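Working notes for the structure below.
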There are 2 protein chains.
Amino acid sequence: MSDGTVAEVLAAMADPTRRALLDSLAAGGEASATALSTGLPVTRQAVVKHLAVLERAGLVTPRREGREVRYALRPAPLADAASWLGGLAAEWDARTRDGDGVGSAGR
Amino acid sequence: MSDGTVAEVLAAMADPTRRALLDSLAAGGEASATALSTGLPVTRQAVVKHLAVLERAGLVTPRREGREVRYALRPAPLADAASWLGGLAAEWDARTRDGDGVGSAGR
DNA sequence: CATACGTGCAACCATCGAGTTGCAGGTACG
DNA sequence: CGTACCTGCAACTCGATGGTTGCACGTATG
């Protein structure tokens, strides 16, 4: 399951600034914190903190390149979170459809 | 697209207490706020607030039953969020796999 | 009718998260 | 070598959020 809890991924994806950050990375490939901060209405420091959160969630990975640090996207944890959510949704759906109560838990 | 933003769903699912709440509802079907609060280490009021968040996200729906209010699961928004995340993950995967830069996202 | 139970509202507190500013330390380059 | 640029750390502000207590109101029920 790659890295970072599903909960961490969800929390990371819940923030609009963070999503914008990830969008930028998806669109333009690797980028440094300073580069990312231009184009966003926040300070470089704020971006740094967000990147730290994203890294803890495993959604992004840093790579030192001379005097700067480039961050790149890591899709795996996102896919994990997505399938986890999907599984839960399916389970709920099965339960609410009829059995509604106990039932033989899917998992 | 049911109800509640995907972001709201993600934020709602990011909280452990809220997940526990949803688990209880999934396991035992409908339940009132007071019923849910027993079995959790928090006050009824805290549960009420969490239920409000979950309702705003569309994950739960209230139904007045005499003098009490029963909350029931609503799987749809969760499924939406899951497929949204899945789509994003696929897109990232496609981009990081080769094009990495701009590239015509589509296919 | 009186009582008990459940809900709803409001005030309040503590903590967390997002964001800022300021400054010190490396690293590239003329 | 000196300058410019980027990173890293620390202190601080401020609003949102999770949680609590207290109380008033409605609704069953003996």
Side-chain angles (χ1 to χ4, degrees), chain A residues 4-25 28-73 77 81, chain B residues 4-25 28-73 77 81:
Chain A
T5 318
V6 171
E8 282 176 325
V9 174
L10 294 180
M13 294 299 299
D15 185 273
T17 304
R18 239 124 53 190
R19 282 195 304 271
L21 230 28
L22 294 170
D23 277 351
S24 291
L25 287 180
E30 287 190 343
S32 68
T34 3
L36 288 168
S37 67
T38 74
L40 282 188
V42 294
T43 313
R44 171 187 66 101
Q45 290 300 334
V47 170
V48 169
K49 290 191 185 179
H50 282 302
L51 285 173
V53 173
L54 291 171
E55 187 185 351
R56 276 207 306 276
L59 290 170
V60 110
T61 177
R63 207 190 79 209
R64 178 134 233 150
E65 181 90 13
R67 74 176 155 182
E68 63 182 42
V69 179
R70 297 269 179 71
Y71 287 84
L73 235 47
Chain B
T5 317
V6 171
E8 282 176 326
V9 174
L10 294 180
M13 295 299 299
D15 185 272
T17 305
R18 239 123 52 188
R19 281 196 304 271
L21 230 29
L22 294 169
D23 276 353
S24 291
L25 287 180
E30 287 190 341
S32 68
T34 4
L36 288 168
S37 67
T38 76
L40 282 189
V42 294
T43 313
R44 171 187 65 101
Q45 289 301 331
V47 171
V48 168
K49 290 191 184 181
H50 282 302
L51 285 173
V53 173
L54 292 171
E55 187 184 349
R56 276 206 307 275
L59 290 169
V60 108
T61 177
R63 207 191 80 209
R64 179 132 232 153
E65 182 91 12
R67 72 176 158 184
E68 65 183 41
V69 177
R70 298 265 178 72
Y71 286 83
L73 234 46

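Atoms considered below: every heavy atom in the structure, side chains included; atoms not considered: hydrogens, waters and symmetry mates. Keep in mind that this is a model prediction, so the values were computed, not measured.
Of the possible donor and acceptor atoms, none in the side chain of B:Glu55 sits under 3.5 Å from a partner among the backbone N and O of B:Ala52. Although no hydrogens or angles enter the test, the distance criterion places no donor-acceptor pair under 3.5 Å between the side chain of B:Arg44 and the main chain of B:Ser37.
With the nearest nucleotide of DNA chain D identified for both B:Arg44 and B:Arg56, B:Arg56 has the one nearer the 5' end. Comparing B:Val48 and A:Ala46 against DNA chain C, the residue whose closest nucleotide sits nearer the 5' end is B:Val48.
Between B:Thr17 and D:dG19 there is a side-chain N or O to OP1 or OP2 distance below 4.0 Å. Dashed line: the shortest gap from a side-chain N or O of B:Thr43 to OP1 or OP2 of D:dG18 is not under 4.0 Å.
One can place CG of A:Leu36 at 14 Å from P of C:dG19, the figure rounded to the nearest angstrom. Counting to the nearest Å, the P atom of C:dG17 and the NE2 atom of A:His50 are 12 Å from each other. Across the protein-nucleic acid pair, A:Asp15 atom CG and D:dG15 atom P stand 18 Å apart, rounded to whole Å. Look at CG on A:Leu51: it is 15 Å from P on D:dC6, rounded to the nearest Å. Note: NZ (B:Lys49) to P (D:dA16) measures 14 Å, nearest angstrom. Atom-to-atom, CD of A:Glu68 to P of C:dT27 comes out at 13 Å; the value is rounded to the nearest Å.
With sequence neighbours left out, A:Arg70 forms a salt bridge (Lys or Arg N to Asp or Glu O under 4.0 Å) with A:Glu30, A:Glu68.
Within 4.0 Å of A:Arg18, counting heavy atoms only, lie sugar-phosphate atoms of the nucleic acid but no base atom. Using a 4.0 Å heavy-atom distance criterion, A:Gln45 is classed as a base contact.
With D:dC6, D:dG19, D:dA28 as the choices, the nucleotide that has an atom nearest any side-chain atom of A:Arg67 turns out to be D:dC6.
Summarising the geometry of B:Val47 relative to B:Val42, their closest heavy-atom pair is CG2-CG2, 3.9 Å, with the distance given to 0.1 Å.
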